[in-house]
Amino acid sequence: MPDPVRVRFAPSPTGLLHIGGLRTALTNYLFARQAAEDGRGGTFVLRIEDTDRARYVPEAEADIRDALRWAGLALDEGPGLGGGFAPYYQSERTDLYREHVGRLLESGHSYIAFDTEEELAAMRDRLATKDNPTPRYDAATRGQMTNALTLPPDEVQRRLAAGQEHVVRLKVEPGRAVQFEDLIRGPVAFETAEVDDQVLLKSDGHPTYHLANVIDDHAMAITHVIRGEEWLPSVPKHLLLYEALGWTPPRMAHLPLILSPTGGKLSKRNADTMGIPVSVRDYRAAGYEPEALVNFLALLGWNPGTEQELFSLAELVDAYSIERTGHAGAQFDLGKLQWFNAQHLRALPAAEIAERARPAVEARVGPVEAGHLAAVAALMRERLTFAHDLADAAYFFEDPAAYDEQGVKKRWKDDSAALVRAYADRLDADAAFTEASTEAAMRDLAEAEGAGFGRIIHPVRLAVTGTTAGAGMFETLVLVGREATLRRLRRAADTLG
RNA sequence: GCCGCGUUCGUCUAGGGGUCUAGGACGCUGGCCUUUCACGCCGGUAACACGGGUUCGAAUCCCGUACGCGGUACCA
């Protein structure tokens, strides 16, 4: 019986959670949930990889949690959530890393190095050529550096006793092939000659990503490592570490990257110039529904093999299979995300759309009554891309402040004022004021005046809503209400002449 | 430069030797519906990077080239 499935999302708290990070989290979440449904365990762990104190941003963790919660990705284990593998902050696991570094030092799999940053830079400068612009610290060069492999043992001891700053490096022996089976890409192979003597323990005493990651994944019984493709090149380092520590590595899956709409890296700067949000917080602020973002992200680089495109999170859990993930980077298409947004939005109950639209609507027209707002949402749902688009239909709550210029030019004729006034008079006598009665009133008027229906309905819409577009005219009138309709009709007749 | 990973409509993708005159979705577009705008429905546009090979047969397998992306840090 295989070990119960445990996966982790291990962000570094260096800034706001990225769209790419959310995708990684989502994939891990789906993998865990599906395993859980199949009775194979399925624990989704959050681990905070705060080993880079220089880039540490205190607010980042809260942002990450907010983003996950908003997206509906519930955690099973992590800081503050319990689980038997605490602490979940790497900054609190330093002793564990030091202990294992001690083992690696003893077994000869790693060594101490004293080179300063300047010395490393000097080495690279000295060794760099046109054909080899970035020389590595590895078997070929370490003999020229200042480390426990080149210094006499007593000198090493003397320096350590004197408190000289140092790092611990992984001793990588060339001449071996390291390979593994990626869940998404299949067999991937590397030569150890291409792997550098990676720093494992930094001079500030903190581990690097590679060390902490391997130790924690093992210590936390992680069975599947699912992360972005940018990590693929560091897999051999990790595999060598697992081997040196005598551990069985977890299964690994490297997700294709999310690219900018033009194919490049979806960096913050890059995205900004294209008007694309990059942090989850920005998507939220822009009015994207979490269901839509999740659906869109899931389908970026993955498909169910059927023609279904609209998925809820629960449906994704059932349909997901990591083997069906594509291998190539996927360009981000904001237009398609917006389509997903419209689809998910209109699938919501009217009352829910109303509540999601409420902040934007109230910012525009002040407090609105829930029932009325829901009725407006029900009428307008098919015309919305974002919930906040409902605020554009402010005429349901207040008289139009202006009339669409183009619309007036096109629809407001010489006889419009008279017809609108006449229609107002008829509605004045219409006590019922229903969709049927208001429509009948207009048809009667059209017939009595010998005017085309369009001669009346368009000016009426302009008068009542200030625009030329919108839902059914009579449904709109009923929602606007009798008093407001009459007032607007007469006012438009006066002001537009 | 080197290493790794990729490459089907503009974009997301289906497809894994014959069923591919390459399917779906977004976008764009023609029409229908509707005396508004949308929605919906019907239609159109548009792709197997290139060159060799294997095979009776290749979008699918192999090799090479080109191009793209990632990595090449005491960042993750």
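Here is how names work: the chains are called A, B, and so on, in the same order as the sequence lines, proteins then strands, and each is numbered from 1.
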*Would you classify Arg227(A) as touching base, sugar-phosphate or nothing, given that sugar-phosphate means primed atoms plus P, OP1 and OP2, and contacts are heavy atoms under 4.0 Å?*
nothing

*Whole-Å distance between G71(B) C1' and His238(A) NE2?*
12 Å

*Which nucleotide in the list G40(B), A76(B), G70(B) gets nearest to the side chain of Lys265(A)?*
G70(B)

*Taking the six-membered ring for Trp and the single ring otherwise, decide whether the centroids of Trp412(A) and Tyr403(A) are under 6.0 Å apart.*
no

*Indicate the ring-plane relationship of His210(A) and His238(A), choosing parallel, tilted or perpendicular according to the 30° and 60° boundaries.*
tilted

_Just to be sure I understand the rule, does Arg455(A) reach a base, reach only the sugar-phosphate, or reach nothing, if contact means heavy atoms closer than 4.0 Å?_
nothing

*asked:* What contact category does Thr51(A) fall into here, base, sugar-phosphate, or nothing, at under 4.0 angstrom with non-hydrogen atoms?
replied: sugar-phosphate

*Tyr137(A) and Asp115(A): side-chain donor and acceptor closer than 3.5 Å?*
yes

_Rounded distance in Å between the P positions of G10(B) and A22(B)_ = 15 Å

*asked:* Between G68(B) and A49(B), how far apart are the two P atoms, rounded to whole Å?
replied: 16 Å

_Please tell me if Asn132(A) has a side-chain N or O lying less than 4.0 Å from either OP1 or OP2 of G1(B)._
no

*Is the shortest heavy-atom distance from the side chain of Val101(A) to the side chain of Leu211(A) under 4.5 Å?*
yes

_C48(B) to G15(B) separation - C1' atoms, rounded to the nearest Å_ = 10 Å

*Let me know the distance between CG of Leu257(A) and C1' of A76(B), rounded to the nearest Å.*
13 Å

*Write down the distance between OH (Tyr56(A)) and P (A76(B)), rounded to a whole number of angstrom.*
15 Å

_G52(B) to U45(B) separation - C1' atoms, rounded to the nearest Å_ = 33 Å

*Which residues share a ring-ring contact (aromatic ring centres under 6.0 Å, His included) with His224(A), sequence neighbours left out*: Phe31(A)

*According to a strict under-4.0 Å criterion, is Lys237(A) in side-chain N/O contact with OP1 or OP2 of G4(B)?*
no

*Find out whether the Lys NZ or Arg CZ of Arg47(A) is both under 6.0 angstrom from the six-membered ring centre of Phe9(A) and within 45° of the ring's axis.*
no

*Would you classify Val188(A) as touching base, sugar-phosphate or nothing, given that sugar-phosphate means primed atoms plus P, OP1 and OP2, and contacts are heavy atoms under 4.0 Å?*
sugar-phosphate

*In whole Å, what separates the P atom of A59(B) from that of C20(B)?*
13 Å

*In the 5'-to-3' direction, what one-character label does each nucleotide of nucleotides 6-12 of chain B receive under the scheme B = base within less than 4.0 Å of a protein heavy atom, S = sugar-phosphate only, - = no such atom?*
SS---SB

*Closer than 4.0 Å, any side-chain N/O of Arg169(A) to the OP1 or OP2 of A73(B)?*
no

*asked:* Please give the distance between the P atoms of U8(B) and C69(B) as a whole number of Å.
replied: 14 Å

*So, is Thr306(A) close to the A14(B) phosphate, meaning a side-chain N or O under 4.0 Å from OP1 or OP2?*
no

*Check the distance between C5(B)'s P and Leu255(A)'s CG and give it to me in whole angstrom.*
17 Å

*asked:* I'd like the P distance from G6(B) over to G64(B), given in whole Å.
replied: 15 Å

*asked:* Is it the case that the side chains of Tyr97(A) and Asp216(A) hold a donor-acceptor pair, with the cut-off being a distance below 3.5 Å and no angle test?
replied: yes

*asked:* Give me the distance, rounded to whole Å, that separates G24(B) from G70(B) when you measure between the C1' atoms they each carry.
replied: 30 Å

_Atom-pair distance (CG on Asn295(A); P on A25(B)), nearest Å_ = 15 Å

*Which nucleotide sits closest to the side chain of Asn303(A): A14(B), U36(B), G27(B)?*
A14(B)

*asked:* Could you check, using the six-membered ring where one of them is a Trp, whether Phe296(A) and Phe311(A) have ring centers closer than 6.0 angstrom?
replied: no

*Most 5' of Glu194(A) and Glu382(A) on RNA chain B, judged by nearest nucleotide*: Glu194(A)

*Quick one: label Arg411(A) by what it contacts on the DNA or RNA (base, sugar-phosphate, nothing), any heavy atom closer than 4.0 Å.*
sugar-phosphate

_For a quick check of understanding: with a heavy-atom distance under 4.0 Å over all strands, which category does Gly228(A) fall into, base, sugar-phosphate or nothing?_
nothing

*For residues 457-472 of chain A, which residues have at least one heavy atom under 4.0 Å from RNA chain B?*
His458(A), Arg461(A), Thr468(A), Ala469(A), Gly470(A), Ala471(A), Gly472(A)

*Is it true that Arg443(A) and Glu439(A) make a salt bridge, defined as a side-chain N closer than 4.0 Å to a carboxylate O?*
yes

*asked:* Listing request: all salt bridge (charged side-chain N to carboxylate O under 4.0 Å, His left out) pairs with a residue in residues 173-199 of chain A, at least two apart in sequence or in separate chains.
replied: Arg136(A)-Glu194(A), Arg142(A)-Glu173(A), Arg142(A)-Asp197(A), Lys171(A)-Glu173(A), Arg176(A)-Glu243(A), Arg185(A)-Glu229(A), Asp196(A)-Lys237(A)

*Quick one: Asp196(A) CG to C74(B) C1', roughly how many Å, whole number?*
12 Å

*C74(B) C1' sits how many Å from Met123(A) CE, rounded?*
13 Å

Check: residues 12-22 of chain A side-chain donor-acceptor pairs under 3.5 Å, at least two apart:
from     : atom 1 : to       : atom 2 : distance (Å)
Ser12(A) : OG     : Glu49(A) : O      : 3.2

*Could you tell me which residues satisfy side chain to side chain donor-acceptor pair (under 3.5 Å) with Thr465(A), sequence neighbours excluded, listed by chain and number?*
Thr467(A)

*Identity of whatever pairs with C74(B) - Watson-Crick or G-U, under 3.5 angstrom*: none

*Nucleotide paired to G4(B) in any strand shown, Watson-Crick or G-U, under 3.5 Å*: C69(B)

*Which listed nucleotide (G1(B), G23(B), A76(B)) is nearest to the side chain of Thr134(A)?*
G1(B)

_What's the closest nucleotide to the side chain of Lys202(A) if the choices are A14(B), U72(B), C74(B)?_
C74(B)

_Nearest-nucleotide pick for Arg124(A), side chain only, options being G4(B), A76(B), C74(B)_ = C74(B)

*Can you check the Glu475(A) CD to U36(B) C1' distance for me, whole Å?*
13 Å

*Return the 5'-most residue of the pair Leu232(A), Leu384(A) with respect to RNA chain B, ranking by each residue's nearest nucleotide.*
Leu232(A)

*Could you give the distance from CD (Gln308(A)) to CG (Asn303(A)), rounded to the nearest 0.5 Å?*
11.5 Å

_Closest listed nucleotide, where the reference is the side chain of Phe190(A) and the choices are G4(B), A76(B), A14(B)_ = G4(B)

